[in-house]
Amino acid sequence: MSNKSLLKDLPKSFYQEEKILISNNIKTWDSLLSISDEEINNLIYGSLGSVRNLKRLKCIAYLICSLDIQLNEAALLMHSGLISNKAISRLTPQELVQKTGRFERTLRTGRIPIIDLKKAHFLIEKAKKNLFNVPKCH
């Protein structure tokens, strides 16, 4: 199991969900991706976690596994409204940079944008290639 496929260093906003996942032996992005909505509801029942956050993590897992990207890049895509290969593959590199840049500016991080034109082109090509594939983490 590669180190990249392990669920680790999740943002603090997912603290409760991380505890739930670890206690249920879900320790990789692949294993998180494979749980159903019904299982998510069962995991959350009686805990302090939220279904919304677990579904967000599952979306991030999908992006990490299908595009082979880092957690911060996957989270940026998800929060920018790009939650599938189909959504990403329909964009031009410039549109992808605009969408992610707009979200980053609302956060006012002041850092260099995570996704530039070169990275956007790579992500779009990868999304097109994996449009009909079931994602697997490396």
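Note that this is a predicted model, so its numbers are computed, not measured.
- Residues Cys65 and Leu33 come closest through the heavy atom pair CB-CD2, 4.1 Å.
- In this structure, CZ in Phe14 is found 8.5 Å from CG in Leu71, a value given to the nearest 0.5 Å.
- The NZ atom of Lys58 sits 5.0 Å away from atom CD1 of Ile40, with the distance rounded to the nearest 0.5 Å.
- Glu95 approaches Leu91 most closely through the heavy-atom pair OE1-CA, 3.3 Å.
- In terms of heavy-atom proximity, Trp29 sits nearest to Leu57 at CZ3-O, 3.9 Å.
- Two residues are said to be in side-chain contact when any heavy atoms from C-beta on lie closer than 4.5 Å; Lys55 and Asp37 meet this criterion.
- The structure places NZ of Lys128 at 12.0 Å from CG of Asn85, a figure rounded to the nearest 0.5 Å.
- When all heavy atoms are compared, the tightest approach of Leu32 to Ala61 is CD2-CB, 4.0 Å.
- For Val97 against Ala120, the heavy-atom pair with the smallest separation is CG2-CB, 3.8 Å.
- Residues Leu82 and Leu123 are not in side-chain contact: their nearest non-hydrogen atoms beyond the backbone lie 4.5 Å or more apart.
- Note that the CD atom of Glu17 and the CG atom of Leu48 stand 9.5 Å from one another [nearest 0.5 Å].
- Leu21 is not listed as a side-chain neighbour of Ser31, based on a closest heavy-atom distance of 4.5 Å or more.
- Between the side chain of Gln94 and the backbone N or O of Leu117, no donor-acceptor pair lies under 3.5 Å.
- Between Ile20 and Ile26, the closest side-chain pair of non-hydrogen atoms is not below 4.5 Å.
- The shortest side-chain heavy-atom distance between Met78 and Tyr62 does not fall under the 4.5 Å cut-off.
- Contact detail for Asn53 and Ser13: the closest heavy-atom pair is ND2-O, 3.3 Å.
- Around CD1 of Ile83, the count of heavy atoms belonging to other residues, nucleotides or ligands within 6.0 Å does not exceed 12.
- The CD atom of Glu18 lies 8.0 Å from the CG atom of Asp9; values are rounded to the nearest 0.5 Å.
- With rounding to the nearest 0.5 Å, the separation of SG in Cys59 from NE2 in His79 is 9.0 Å.
- Hydrophobic cluster membership differs between Leu10 and Ile22, with clusters built from Ile, Leu, Val, Met, Phe, Trp and Tyr side chains linked at under 4.5 angstrom.
- Tracing side-chain contacts under 4.5 Å through hydrophobic residues (I, L, V, M, F, W, Y), one never reaches Tyr15 starting from Leu43; they form parts of separate clusters.
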Apply side-chain contact (heavy atoms from CB on, under 4.5 Å) to the pair Phe122 and Leu67, showing each step before the final yes or no.
CA-CA 9 Å; Phe122 166 79; Leu67 298 175; over 6 Å; no

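- Crowding of His121 atom NE2: a count of heavy atoms from other residues, nucleotides or ligands under 6.0 Å not exceeding 12.
- Residues Thr100 and Phe103 form no side-chain contact, since every pair of their non-hydrogen atoms from C-beta on lies 4.5 Å or further apart.
- The closest side-chain heavy-atom distance from Ile115 to Leu77 is below 4.5 Å.
- With respect to the salt-bridge test (charged N to carboxylate O, under 4.0 angstrom), the residues Glu73 and Lys119 qualify.
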